[in-house]
Colleague: 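This is the structure I have questions about; it appears just below.
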Amino acid sequence: MKFWKQAILAGATLLVALGSAGAEDVKIGFVVKQPEEPWFQDEWKFAQEAAKQKGFTLVEIGAEDGEKVQAAIDNLGAQGAQGFIVCTPDVKLGPGIVAKAAANNLKLMTVDDRLVDASGKAIEDVPHMGISATKIGEAVGQAISDEIKKRGWDMAKVGAVKVSYDQLPTAVDRVTGATSVLEKNGFPAANIFNAPQAKTDTEAALNAATTVINAHPEIQHWVAVGLNDEAVLGAVRATESVGVPAANVIGVGIGGAESAINEFKKPSQTGFYGTVIISPKRHGYETALNMYEWIANGKEPEKLILTSGQLATRADYEAVRKDLGIQ
């Protein structure tokens with residue numbers, strides 16, 4: 001009997017040791033398209049929290065173009081990784097990414113931007129965590145509508161700068177969500193002016209918005225929507241450059257980027273009224289955890305998980321960030 005008790009105890013110890021070793025043997029890649037951006041750095045930070053909690057290795061890789069994505073996947077395969085999460089620089093790289101992952105025997109998940117096939121249709125077999133772009137856009141539109149009413153503006157005399165980037169489906173969904181809610185709240189469709197930007201940064205948005213605002217000197221009050229905080233900040237800078245007072249501008253961005261927070265910290269209120277903050281915590285921590293569970297325990301993630309955001313303004317951004325786990 002004593003022998004059997006010792007054997008059972010030894011077996012249990014061995015199982016614990018094997019479980020621990022198994023976790024240590026798990027290696028997961030996290031590939032992002034813009035490693036210098038705070039959003040992706042935060043995703044990595046929260047993914048590393050999951051790695052520390054579960055004991056696996058997380059490999060952070062920046063891949064700004066398709067060639068680098070392909071090289072990153074091969075690199076992970078050579079390192080003995082079992083899976084990776086990717087936010088691709090171009091969603092149309094989908095078929096190539098899927099094929100390369102399969103060739104390296106790597107499980108694949110996407111985050112933020114969903115892969116599409118050659119016809120532009122979402123590749124639904126690849127588990128994805130993304131942002132409900134339409135709902136977040138709708139939150140922007142509602143926030144602007146509420147603020148217009150609060151300020152007592154006549155909607156018929158307000159102009160909207162729609163900073164657009166139609167190459168990215170997420171951008172289309174966000175701005176369409178915002179403008180659709182504006183219209184439902186009585187905003188004239190004829191007063192929504194398209195300002196296509198060449199890139200998704202503040203300078204490109206500034207250039208695009210300046211053209212629109214200069215073309216309509218009769219409009220005294222402006223609102224601005226766009227893909228992200230940078231797009232809306234560009235529009236706000238455009239209003240400043242042509243002399244529109246900050247009190248006559250309502251810009252609501254998306255993301256809660258450092259640039260937005262810095263705007264709130266300025267001594268005086270600018271035309272950048274608010275931002276719908278998207279928490280990178282779930283996108284980093286949860287995707288990494290889901291990939292680990294898939295590799296270690298065979299628990300495949302849901303095919304589609306959509307997250308939402310929360311409006312933050314100059315008055316409450318610190319509390320909102322804390323609530324979302326960003327502080």
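All values reported here derive from a predicted model rather than from experimental measurement. FYI, side chains are in, hydrogens and waters are out, and symmetry mates aren't considered; it's all heavy atoms of this structure.
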Colleague: So Ile254 and Ile131, side-chain contact (heavy atoms from CB on, under 4.5 Å) or not? Walk me through it.
Modeller: CA-CA 11 Å; Ile254 293 175; Ile131 298 157; over 6 Å; no

Colleague: Taking the side chain as every heavy atom from C-beta outward, state whether Phe46 and Pro280 have any pair of such atoms under 4.5 Å apart.
Modeller: yes

Colleague: Using the rule given for side-chain contact (heavy atoms from CB on, under 4.5 Å), can you reason through Phe84 versus Ile97, listing the C-alpha separation, both sets of side-chain angles and the distance that settles it, and then say yes or no?
Modeller: CA-CA 11 Å; Phe84 69 100; Ile97 291 173; 4.2 Å; yes

Colleague: Between Arg237 and Glu263, does any side-chain N to carboxylate O distance fall below 4.0 Å?
Modeller: yes

Colleague: Donor-acceptor pair, distance only, cut-off 3.5 Å: does the side chain of Ser164 make one with the backbone of Asp166?
Modeller: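 No, Ser164 side chain to Asp166 backbone: no donor-acceptor pair under 3.5 Å.
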
Colleague: Looking at OG1 of Thr202 and NZ of Lys199, how far apart are the two atoms once the value is rounded to the nearest 0.5 Å?
Modeller: 11.0 Å

Colleague: Is a side-chain donor or acceptor of Thr239 paired with a backbone partner of Val236 at a separation under 3.5 angstrom?
Modeller: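 Yes, the answer is positive, given that a donor and an acceptor are paired below the 3.5 Å cut-off.
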
Colleague: Can you find a side-chain donor-acceptor pair between Asp229 and Ser259 that sits under 3.5 Å?
Modeller: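 Distance-only check fails for Asp229 and Ser259.
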
Colleague: So, the side chain of Asp117 versus the backbone of Ile123: is there a donor-acceptor pair under 3.5 Å, distance only?
Modeller: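 Not confirmed, Asp117 side chain does not pair with Ile123 backbone.
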
Colleague: Main chain of Ala319, side chain of Asp316: is a donor-acceptor contact present, judged purely on distance under 3.5 Å?
Modeller: no

Colleague: Indicate yes or no: does Asp113 engage Lys33 in a salt bridge with an N to O separation below 4.0 Å.
Modeller: yes

Colleague: Considering all heavy atoms of both residues, which atom of Gln197 and which atom of Ala231 are nearest to each other, and what is their separation?
Modeller: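 That closest heavy-atom pairing would be OE1-CB, 3.7 Å.
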
Colleague: Do Ile148 and Leu311 share a hydrophobic cluster (ILVMFWY, side-chain heavy atoms under 4.5 Å, transitive)?
Modeller: yes

Colleague: Could you report the tightest heavy-atom contact between Glu147 and Tyr273, atom names first, then the distance?
Modeller: OE1-OH, 3.2 Å

Colleague: Considering the options Glu286, His283, Arg282, which one meets the side-chain hydrogen bond (donor to acceptor under 3.5 Å, both in side chains) requirement together with Thr307?
Modeller: His283

Colleague: Give the cluster check for Val232 versus Ile261: same hydrophobic cluster or not, with ILVMFWY residues linked at side-chain heavy-atom distances below 4.5 Å.
Modeller: yes

Colleague: How long is the gap from OH on Tyr292 to NZ on Lys299, to the nearest 0.5 Å?
Modeller: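 Tyr292 atom OH to Lys299 atom NZ measures 12.5 Å (nearest 0.5 Å).
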
Colleague: Are Val111 and Ile278 connected, step by step, through hydrophobic side chains (Ile, Leu, Val, Met, Phe, Trp, Tyr) whose heavy atoms are closer than 4.5 Å?
Modeller: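 Yes; tracing contacts between hydrophobic side chains, which count when under 4.5 Å, links both residues.
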
Colleague: Over all heavy atoms of both residues, which pair between Ala205 and Val163 is shortest? Give the atoms and the distance, please.
Modeller: CB-CG1, 3.9 Å

Colleague: Side chain of Thr275, backbone of Gly256: donor and acceptor closer than 3.5 Å?
Modeller: yes

Colleague: So with a 6.0 Å cut-off around CG of Asn105, is the heavy-atom count from everything else above 12?
Modeller: no

Colleague: Could you tell me which non-hydrogen atom of Ile144 sits nearest to which non-hydrogen atom of Ala224, and how far apart they are?
Modeller: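 That would be CD1-O, 3.7 Å.
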
Colleague: Within a strict 4.5 Å, meaning less than it, do heavy atoms of the Phe193 and Ile219 side chains meet?
Modeller: yes

Colleague: Evaluate side-chain contact (heavy atoms from CB on, under 4.5 Å) for Glu240 paired with Thr270, printing each intermediate quantity in order.
Modeller: CA-CA 9 Å; Glu240 293 169 349; Thr270 73; 4.2 Å; yes

Colleague: May I ask you to check whether over 12 heavy atoms, not counting those of Lys266, lie within 6.0 Å of atom NZ?
Modeller: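 Buried by this count: over 12 neighbours within 6.0 Å.
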
Colleague: Is it the case that Trp39 and Asn228 place a side-chain donor and acceptor less than 3.5 Å from each other?
Modeller: no

Colleague: With no hydrogens and no angle check, is any side-chain donor or acceptor of Gln82 less than 3.5 Å from a backbone partner on Asp25?
Modeller: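 At least one qualifying donor-acceptor pair exists.
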
Colleague: Roughly how far, to the nearest 0.5 Å, is OG of Ser279 from CD of Glu43?
Modeller: 9.5 Å

Colleague: Under the 3.5 angstrom rule, does the side chain of Ser132 hit a backbone N or O of Thr134 as a donor-acceptor pair?
Modeller: no

Colleague: State whether the side chain of Arg314 and the backbone N or O of Phe264 hold a donor-acceptor pair below 3.5 Å, judged by distance alone.
Modeller: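 Yes.
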
Colleague: Hey, could you give me the CE/CG distance between Met109 and Leu115, rounded to the nearest 0.5 Å?
Modeller: 12.0 Å

Colleague: Does Lys303 form a salt bridge (charged side-chain N to carboxylate O under 4.0 Å, His left out) with Glu300? I'd like the steps, not just the answer.
Modeller: CA-CA 9 Å; Lys303 293 298 186 185; Glu300 187 172 353; 2.7 Å; yes

Colleague: Look at atom CD of Glu36 and say whether more than 12 heavy atoms of other residues, nucleotides or ligands are closer to it than 6.0 Å.
Modeller: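 For Glu36, atom CD is crowded (more than 12 foreign heavy atoms under 6.0 Å).
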
Colleague: Can you tell me how the ring of Trp153 sits relative to the ring of His221, calling it parallel under 30°, perpendicular over 60° and tilted otherwise?
Modeller: tilted

Colleague: Please name the residue in the list Val158, Asn248, Val252, Val140 that meets the side-chain contact (heavy atoms from CB on, under 4.5 Å) test with Val223.
Modeller: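 Testing each of Val158, Asn248, Val252, Val140 against Val223, the sole residue satisfying side-chain contact (heavy atoms from CB on, under 4.5 Å) is Val158.
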
Colleague: Say whether, by atom type as modelled, one donor and one acceptor occur between the side chain of Gln41 and the main chain of Pro35 under 3.5 angstrom.
Modeller: yes

Colleague: Output the distance between atom CD (Glu183) and atom CD1 (Ile192), rounded to the nearest 0.5 Å.
Modeller: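 Glu183 CD to Ile192 CD1: 4.5 Å, rounded to 0.5 Å.
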
Colleague: Would you check if there is a donor-acceptor pair between the side chains of Gln70 and Asp74 at a distance under 3.5 Å?
Modeller: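 No, no side-chain donor-acceptor contact under 3.5 Å.
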
Colleague: Just checking Glu258: does its CD atom have more than 12 heavy atoms from other residues, nucleotides or ligands closer to it than 6.0 angstrom?
Modeller: no

Colleague: Within the 4.5 Å heavy-atom criterion, are Lys149 and Asn185 side-chain neighbours or not?
Modeller: yes

Colleague: For residues Val161 and Ala209, report the shortest heavy-atom separation together with the two atoms involved.
Modeller: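 Minimum heavy-atom contact is CG1-CB, 3.9 Å.
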
Colleague: Is there a chain of hydrophobic side chains (I, L, V, M, F, W, Y, each step under 4.5 Å between heavy atoms) that links Val225 to Ile136?
Modeller: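 In one cluster with Val225: Ile136, yes.
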
Colleague: What's the separation between atom OG1 in Thr287 and atom CZ in Phe30, rounded to the nearest 0.5 Å?
Modeller: 4.0 Å

Colleague: I want to check something: taking the side chain as every heavy atom from C-beta on, are Leu76 and Lys27 in contact at a cut-off of under 4.5 Å?
Modeller: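 No, every pair of side-chain atoms sits at 4.5 Å or beyond.
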
Colleague: For Asn191 and Met155, run side-chain contact (heavy atoms from CB on, under 4.5 Å): C-alpha distance rounded to whole Å, both residues' side-chain angles, the deciding distance at 0.1 Å, then the answer.
Modeller: CA-CA 9 Å; Asn191 287 11; Met155 277 199 184; over 6 Å; no

Colleague: Is there a chain of hydrophobic side chains (I, L, V, M, F, W, Y, each step under 4.5 Å between heavy atoms) that links Val86 to Met291?
Modeller: no

Colleague: Could you work out, with side-chain contact (heavy atoms from CB on, under 4.5 Å) as the rule, every residue matching His128, not counting sequence neighbours?
Modeller: Thr110, Arg114, Leu304

Colleague: Whether Glu293 and Lys54 form a salt bridge (side-chain N of Lys/Arg under 4.0 Å from carboxylate O of Asp/Glu) is what I want to check.
Modeller: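 Yes, this pair counts.
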
Colleague: Applying side-chain hydrogen bond (donor to acceptor under 3.5 Å, both in side chains), run through Glu203 and Asn207 and close with a yes or a no.
Modeller: CA-CA 6 Å; Glu203 183 180 358; Asn207 295 334; 4.5 Å; no

Colleague: Kindly give the heavy-atom pair with the smallest separation between Ala247 and Arg151, and that separation in Å.
Modeller: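 In this case the closest contact between Ala247 and Arg151 is O-NH1, 3.1 Å.
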
